[in-house]
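Report on the structure given below.
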2 protein chains.
Amino acid sequence: MLQAGADIDRSETLTERQQAVLDAALRLLVEEGDNLTMTAVARRASCSKETLYKWFGDRDGLLTATVQWQASKVRVAAVDREKLDLVSLTASLERFASDWLKVISSDTSIALNRVAVGHAGSGKDDLGAVVLQNGRFALARRLKPVLEAGRQAGLLDFEDAETAFRTFFGLVGRDVQIRLLLGDRVELTEATIGGDARRATQQFLALFGATNRLKSL
Amino acid sequence: MLQAGADIDRSETLTERQQAVLDAALRLLVEEGDNLTMTAVARRASCSKETLYKWFGDRDGLLTATVQWQASKVRVAAVDREKLDLVSLTASLERFASDWLKVISSDTSIALNRVAVGHAGSGKDDLGAVVLQNGRFALARRLKPVLEAGRQAGLLDFEDAETAFRTFFGLVGRDVQIRLLLGDRVELTEATIGGDARRATQQFLALFGATNRLKSL
DNA sequence: CCCATGGCGTACCGTACGTTACGGTTCGGC
DNA sequence: GCCGAACCGTAACGTACGGTACGCCATGGG
């Protein structure tokens with residue numbers, strides 16, 4: 001399984017300057033992909049290579065620090081769980097879907113996932129684990145309480161929150177992420193994202209809404 | 001959009017020996033990932049580097065040839081479209097889902113997708129396009145006729161075959177592929193694949209079956 | 001005023017790897 | 001039996017890049 005603690009918040013232990021350096025590395029990562037060089041990072045960040053090595057150890061250290069830094073920035077606020085009727089549940093689900101689609105279609109997410117996937121083969125670092133923790137698993141952690149609350153309120157009907165979440169994940173993401181990662185130009189305007197979020201939520205409610213029965217899962 | 005002709009069948013133009021070399025490269029790609037060296041391929045294939053360069057031009061040429069070679073091997077037979085009732089349609093869908101899950105969870109598919117994703121950033125070659133053509137788009141080409149036939153037979157109800165396919169794709173794959181690419185150990189036994197295929201088809205039929213209405217897509 | 005520290009810029013080293021060149025060997029055709 | 005082509009094994013070359021060392025400057029405390 002995945003290592004625990006891969007999503008520790010490093011924003012505390014980082015000085016202002018170090019964060020600026022990591023931001024530069026992040027921008028360069030988006031532009032150049034995995035073939036960015038230490039000299040390029042140093043030049044872009046206006047710092048010396050020796051400083052990079054002193055702060056981050058080696059290239060892999062810099063990369064993981066960059067990924068964790070970006071991860072610590074997208075920590076989103078959870079949904080408030082006060083009122084819960086069908087319309088608020090629907091709104092929450094649509095919100096989650098829309099946010100998720102925006103994230104996975106952003107340039108930085110694509111770049112980060114690319115390098116993480118590339119590094120996942122030879123187990124030198126755990127970029128894949130970091131990205132998973134702050135991507136797919138973070139989404140699950142934030143969404144599952146909403147699903148459970150929906151079940152408590154009698155709006156949803158499912159056996160296992162995990163499988164319900166995974167279905168929602170599939171309905172939202174479909175083929176978007178893999179196509180983007182493989183370089184396909186998927187048109188994702190604000191409008192299409194909104195439409196996809198609505199469609200996915202409706203489909204999810206059709207499958208797991210308490211009114212409809214689908215006991216054969 | 002993606003380049004046409006990315007899925008030309010190269011198995012004709014390749015001699016026996018060249019296919020053996022590509023097989024060796026493929027195995028090495030699965031083991032080593034993108035950091036395989038030309039010397040390693042030459043040694044594994046018991047051929048000289050000069051031959052590699054004469055046959056495939058350069059490293060990228062060898063990689064694309066390897067990917068295309070593997071792609072030409074998984075060309076699967078289409079489904080026969082004679083009888084078409086609900087049980088045969090269900091069987092076809094389950095078959096597709098199960099096959100697809102087996103493919104994306106195979107070692108070679110994971111390795112190939114990893115290098116293709118890694119190379120998709122810097123547009124040196126078009127590995128991403130090749131993988132997409134022979135993966136996601138090939139699946140769509142093979143599945144869409146079945147969906148259309150199902151609609152003709154009054155078993156399915158959808159507006160656009162493309163969006164219907166994408167929903168099916170999402171219901172089948174969910175988070176499996178991205179988790180595998182990122183290095184997560186997903187347990188995918190024969191039994192779980194069968195169960196997932198059944199669940200995905202049932203959900204798809206619940207959404208797009210002609211008996212049920214979900215006109216708000 | 002002086003010195004120590006931290007960081008910038010740059011030159012440098014070692015190595016890994018893509019690419020090329022070359023000598024030796026097999027093999028089909030004459 | 002001889003020739004050329006194709007190919008194997010390996011040595012060699014060039015380069016790019018990770019990692020390190022060193023000189024210089026700024027700042028801040030004594």
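Convention: sequence-line order gives letters A, B, ...; per-chain numbering from 1. It should be emphasised that the depicted structure is a prediction, and the values quoted were computed from it without experimental measurement.
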Out of curiosity, [X] [atom1] to [Y] [atom2], how far, rounded to the nearest 0.5 Å?
X: A:L93; Y: A:L143; atom1: CG; atom2: CG; value: 6.5 Å
X: A:Q203; Y: A:T201; atom1: CD; atom2: OG1; value: 9.0 Å
X: A:D58; Y: A:L62; atom1: CG; atom2: CG; value: 9.0 Å

Between [atom2] of [N] and [atom1] of [X], the distance in whole Å:
X: A:R17; N: C:dT5; atom1: CZ; atom2: P; value: 21 Å
X: B:D58; N: D:dT15; atom1: CG; atom2: C1'; value: 16 Å
X: A:K54; N: D:dC22; atom1: NZ; atom2: P; value: 14 Å
X: A:R44; N: C:dG9; atom1: CZ; atom2: C1'; value: 18 Å
X: B:Q18; N: D:dC8; atom1: CD; atom2: C1'; value: 16 Å
X: A:L52; N: C:dC8; atom1: CG; atom2: P; value: 9 Å

Walk me through it: do B:L63 and B:F56 pass the test side-chain contact (heavy atoms from CB on, under 4.5 Å)?
CA-CA 9 Å; B:L63 253 50; B:F56 307 107; over 6 Å; no
Output yes when at least one side-chain N/O atom of [X] is less than 4.0 Å from OP1 or OP2 of [N], else no.
X: B:W55; N: D:dC7; value: yes
X: B:T51; N: D:dC8; value: yes
X: B:S48; N: D:dG9; value: no

A:E50 side chain: which of C:dT19, D:dC22, D:dC7 is closest?
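That would be D:dC22.
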Yes or no on side-chain contact (heavy atoms from CB on, under 4.5 Å) for A:R17 and A:C47, after CA distance, side-chain angles and deciding distance?
CA-CA 10 Å; A:R17 180 84 181 102; A:C47 74; 3.7 Å; yes
Can you name the residues that form a side chain to side chain donor-acceptor pair (under 3.5 Å) with A:D175, not counting sequence neighbours?
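Partners of A:D175 under the side chain to side chain donor-acceptor pair (under 3.5 Å) test: A:R179, B:R136, B:R166.
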Could you pull out the protein-nucleic contacts involving nucleotides 25-28 of chain D (nitrogen or oxygen on both sides, under 3.5 Å)?
none

May I ask you to list the residues of residues 26-42 of chain A, by number, that have any heavy atom positioned under 4.0 Å from an atom of DNA chain D?
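The stretch gives A:L36, A:T37, A:M38 as the residues lying under 4.0 Å from the strand, ordered by number.
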Give a yes or no on this: more than 12 heavy atoms of other residues, nucleotides or ligands lie within 6.0 Å of atom CG of A:D107.
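No.
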Tell me whether the side-chain N or O atoms of B:K49 pair up with the base of D:dT10 as donor and acceptor below 3.5 Å, since no angle test is needed here.
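When only heavy-atom distances are counted, B:K49 does not reach the base of D:dT10 through any donor-acceptor pair under 3.5 Å.
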If you assign each of B:S46 and A:R59 to its closest nucleotide in DNA chain D, which residue comes earlier from the 5' end?
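Nearer the 5' end of the strand: B:S46.
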Quick one: sort the A:F169 and A:W100 rings into parallel, tilted or perpendicular, breaks at 30° and 60°.
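Rings of A:F169 and A:W100: tilted, 30 to 60°.
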Is the closest side-chain heavy-atom distance between A:F158 and A:T167 below 4.5 Å?
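Sidechains of A:T167 and A:F158: no contact.
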